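Working notes, beginning with the structure itself.
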Amino acid sequence: MFQNTYQHQFLFVNMSEFKKVSRSENYSEWYNYIVDAAELAQHSAVKGCMVIKPYGYAIWEKMQADLDKRFKATGHSNAYFPLFIPKSLFEAEEKNAEGFAKECAVVTHYRLKADPNNKGKLIVDPEAKLTEELVVRPTSEAIIWNTYRGWIQSYRDLPILINQWANVVRWEMRTRLFLRTAEFLWQEGHTAHATKDEALAETKQMLEVYASFAEDIMAMPVIKGVKTANERFAGADETFCIEAMMQDGKALQAGTSHFLGQNFAKAFDVKFTGKDGKQDFVWATSWGVSTRLMGALIMTHSDDEGLVLPPKLAPIQVVIVPIFRSEEDLAAIAAKVEVIKFQLEEKGISVKFDQRDTLKPGFKFSEWELKGVPVRLAIGMRDLQNNTIEIARRDTKEKKSLSMDNLTHEVLTLLDDIQNNLYQRALNFRSERTKVVNSKEEFVKVLDEGGFALAHWDGLSETEDKIKEEFKATIRCIPLDNIREVGVCFFTGNPSQERVVFARAY
RNA sequence: CGGGGUGUAGCGUAGCCCGGUAUCGCGUCUGCUUUGGGAGCAGAAGGUCGUAGGUUCGAAUCCUGCCACCCCGACCA
């Protein structure tokens, strides 16, 4: 699938062995390899749960920091609600409760005690049964709307614009690091409004926030769209989403923004008195992105040499590798590097000087490539004499020698260039693999090759179900900027007003 | 949750069929020589063979349960 792009198939596993892992041969094995080798995350002793390692968490923190800024800039405040939700609250909004029921962890007891029959072991104390079971939140609408009821009396209390950074638990049958884990980290925004229009505007605004974050920061092009009824969030009137294409041509839902109508207000009896003195139910939205974005990031840019990070998310943007023979050489180089490092850091660039003296430069090059550091500088005695430095970019693997005089400017320009190039490359990839299809034959061909199929659909849920059953593909979204175009459904031949995006999905 | 596979030192593995407490490489540690794309030599450390039982004089090896991971389904962000 990618044979023309990358020839290297031999990779270093934990810097200790060459292993054959290439995107084209086994995409999921390649993905696991990147997560492991770049030290992003690992499996834990708990089934389906992951340990996010420091380097992976540093990337997540950068995502959080940027998103948080955007949430604040659009008027939201952070707050925190409990991990546990009483079952009676959880079941209040029926559709939502049903949607999540199959994957809820439930707390039934609050105490352990020594096992009388097995010394040193503990058992659940049967005397300590909770009078009401607690659901570990798969999402927080229930506990939040139960709380909002006490906060809202009049239109003057609205809107409420709150976000929370939290962990949630969804007991998944089949898990994959970052993409689908039983516990994951996310943010969930929950807003309350006096009018439908305002809530809808909020829903769309947050979709825009997600889209610009994905494109400007993650360098990941996304399609903004609305979900069909089949794919809609349980409890929502309308679900908006951003969909991205991974390098195997499969779709990944990268973020969702829900217009919840008055469903939760009705379920939790949240009313407000309007200017006119009349009471009405509050309008709601919720929106979220999760550590799944880490998976999206990996699968959008990385290659057979390892992780590729857009500069705006790279914990280390520039790594400097000294090339030296003696300690005196290293001291001389280090003195120069300190100056360079200071100048770069002054411009807000994060710099790592890799002084380890037990490893050869080539080894370090590979290791930092594996970790996706966007720019590498290499400097040796020859450079000191010539006032030059070698600069290499991770995205294209090009390198060149340049004068040290203008280095800071060159690095800044290159970081920008890499950020843009990654976006453009991903956009080109998506464009090449997005095809207009009018028949089942074309449809299957596009999906089997990996890609998005733009096809007419008759708007019926049952048609969508049949397509899913036969082709394992779903409607990812109906693009917001869709062109109206009269046609016939490729599956049923029924009339259709527009094309929708079909794909196999994560 | 169904089908298939795997689990031996930090990583990758040999041994398993035909029971006799473990092979090799990489990494790690020490020393010397090295360093412009994954260094060399010498020495050393490191393993309750996923886990709990069973069979046996004796189990990495045979049997059973459990756990975890991978691949394919169903479900899902």
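Note that the structure is a prediction, hence the values are computed from the model and not measured.
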So what does [X] hit on the nucleic acid, given a heavy-atom distance under 4.0 Å: a base, only sugar-phosphate, or nothing?
X      : result
A:F184 : base
A:L179 : base
A:T139 : nothing

Is there any protein nitrogen or oxygen under 3.5 Å from a nitrogen or oxygen in nucleotides 72-76 of chain B, and what are the pairs?
{"from": "B:C72", "atom 1": "OP2", "to": "A:R174", "atom 2": "NH2", "distance (Å)": "2.9"}
{"from": "B:G73", "atom 1": "N7", "to": "A:R174", "atom 2": "NH1", "distance (Å)": "3.4"}
{"from": "B:C76", "atom 1": "O2'", "to": "A:E172", "atom 2": "OE2", "distance (Å)": "3.2"}
{"from": "B:C76", "atom 1": "O2", "to": "A:R180", "atom 2": "NE", "distance (Å)": "2.2"}
{"from": "B:C76", "atom 1": "O2", "to": "A:R180", "atom 2": "NH1", "distance (Å)": "3.2"}
{"from": "B:C76", "atom 1": "O2", "to": "A:R180", "atom 2": "NH2", "distance (Å)": "2.4"}
{"from": "B:C76", "atom 1": "N3", "to": "A:R180", "atom 2": "NH1", "distance (Å)": "3.3"}
{"from": "B:C76", "atom 1": "N3", "to": "A:R180", "atom 2": "NH2", "distance (Å)": "2.9"}

Exercise. Pick the nucleotide of RNA chain B nearest each of A:R232 and A:L177; which residue has the one closer to the 5' end?
Worked result: A:L177
Exercise. Using the benzene-type ring in the case of Trp, are the ring centres of A:W287 and A:F71 under 6.0 Å apart?
Worked result: yes
Does [N] have a Watson-Crick or wobble mate here (both distances under 3.5 Å), and if so which one?
N     : result
B:A44 : B:U28
B:U35 : none
B:G19 : none

For this session: Can you tell me the distance, in whole Å, between the CG atom of A:N26 and the C1' atom of B:G5?
Result: 14 Å
Mind listing the N/O atom pairs, protein and nucleotides 33-37 of chain B, below 3.5 Å?
{"from": "B:U35", "atom 1": "OP1", "to": "A:R325", "atom 2": "NH1", "distance (Å)": "2.7"}
{"from": "B:U35", "atom 1": "OP2", "to": "A:R325", "atom 2": "NH1", "distance (Å)": "3.0"}
{"from": "B:U35", "atom 1": "O2'", "to": "A:F324", "atom 2": "O", "distance (Å)": "3.1"}
{"from": "B:U35", "atom 1": "N1", "to": "A:F324", "atom 2": "O", "distance (Å)": "3.4"}
{"from": "B:U35", "atom 1": "O4", "to": "A:R325", "atom 2": "O", "distance (Å)": "3.0"}
{"from": "B:G36", "atom 1": "OP1", "to": "A:K360", "atom 2": "NZ", "distance (Å)": "3.2"}
{"from": "B:G36", "atom 1": "O6", "to": "A:M381", "atom 2": "N", "distance (Å)": "3.4"}
{"from": "B:G36", "atom 1": "O6", "to": "A:R382", "atom 2": "N", "distance (Å)": "2.8"}
{"from": "B:G36", "atom 1": "O6", "to": "A:D383", "atom 2": "N", "distance (Å)": "3.3"}
{"from": "B:G36", "atom 1": "N1", "to": "A:D383", "atom 2": "OD2", "distance (Å)": "2.6"}
{"from": "B:G36", "atom 1": "N2", "to": "A:D383", "atom 2": "OD2", "distance (Å)": "3.0"}
{"from": "B:G37", "atom 1": "N7", "to": "A:K399", "atom 2": "NZ", "distance (Å)": "2.5"}
{"from": "B:G37", "atom 1": "O6", "to": "A:R376", "atom 2": "NH1", "distance (Å)": "3.3"}
{"from": "B:G37", "atom 1": "O6", "to": "A:R376", "atom 2": "NH2", "distance (Å)": "2.6"}
{"from": "B:G37", "atom 1": "N1", "to": "A:E369", "atom 2": "OE2", "distance (Å)": "2.8"}
{"from": "B:G37", "atom 1": "N2", "to": "A:S366", "atom 2": "OG", "distance (Å)": "3.3"}
{"from": "B:G37", "atom 1": "N2", "to": "A:E369", "atom 2": "OE1", "distance (Å)": "2.9"}

Problem set entry | Nearest-Å distance once atom C1' is located in both B:G2 and B:C26 | 39 Å
For this session: Pull out every residue in residues 46-59 of chain A that has a heavy atom closer than 4.0 Å to any atom of RNA chain B, ordered by number, or say none.
Result: A:K47, A:G48
